[in-house]
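Since the structure comes first, as structure tokens, the remarks are kept for the end.
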Amino acid sequence: MLKLWENGLIIICALIFVGIGYYFSKNIKDMESYYLGNRSLPWSLIMGTL
């Protein structure tokens, strides 16, 4: 059984992770920017995967 301070530490870490995700999600405008990480994909890579 975890102690109270250990449970509090887990909750604080979870809130920090959610906060980081929320902060970086502001830059995402559509699914393409989500998959590419807000960067462009060069055509040579696109053609190479086909």
Side-chain angles (χ1 to χ4, degrees):
M1 187 83 183
L2 296 176
K3 298 187 186 305
L4 183 61
W5 69 271
E6 293 170 330
N7 288 330
L9 186 63
I10 291 170
I11 291 171
I12 290 171
C13 288
L15 289 175
I16 289 172
F17 290 144
V18 168
I20 290 171
Y22 177 73
Y23 174 76
F24 284 109
S25 72
K26 291 180 187 178
N27 296 331
I28 303 300
K29 295 171 183 62
D30 55 1
M31 287 305 288
E32 184 178 356
S33 64
Y34 170 76
Y35 288 127
L36 298 177
N38 248 355
R39 297 191 176 102
S40 62
L41 190 63
W43 280 103
S44 61
L45 243 144
I46 293 172
M47 289 304 176
T49 57
L50 293 176

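Note that the structure is predicted; figures quoted are calculated from it, not measured.
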(request) Mind checking side-chain contact (heavy atoms from CB on, under 4.5 Å) for L2 and listing every partner two or more places apart, or none if nothing turns up? (result) E6, N7, I10
(message) Test of understanding: with side-chain contact (heavy atoms from CB on, under 4.5 Å), list the residues that count as partners of L4, not counting sequence neighbours.
(response) none
(message) Which Ile, Leu, Val, Met, Phe, Trp or Tyr residues join F17 in one cluster when any pair of side-chain heavy atoms under 4.5 Å counts as a link?
(response) none
(request) For I11, enumerate each residue passing the side-chain contact (heavy atoms from CB on, under 4.5 Å) test, keeping only those at least two apart in sequence or located in another chain. (result) L15
(request) Could you identify which residues cluster with Y22, counting Ile, Leu, Val, Met, Phe, Trp and Tyr as linked when any side-chain heavy atoms lie under 4.5 Å apart, either directly or through a chain of such contacts? (result) none
(message) List the residues meeting side-chain contact (heavy atoms from CB on, under 4.5 Å) with Y23, not counting sequence neighbours, and say none if there are none.
(response) none
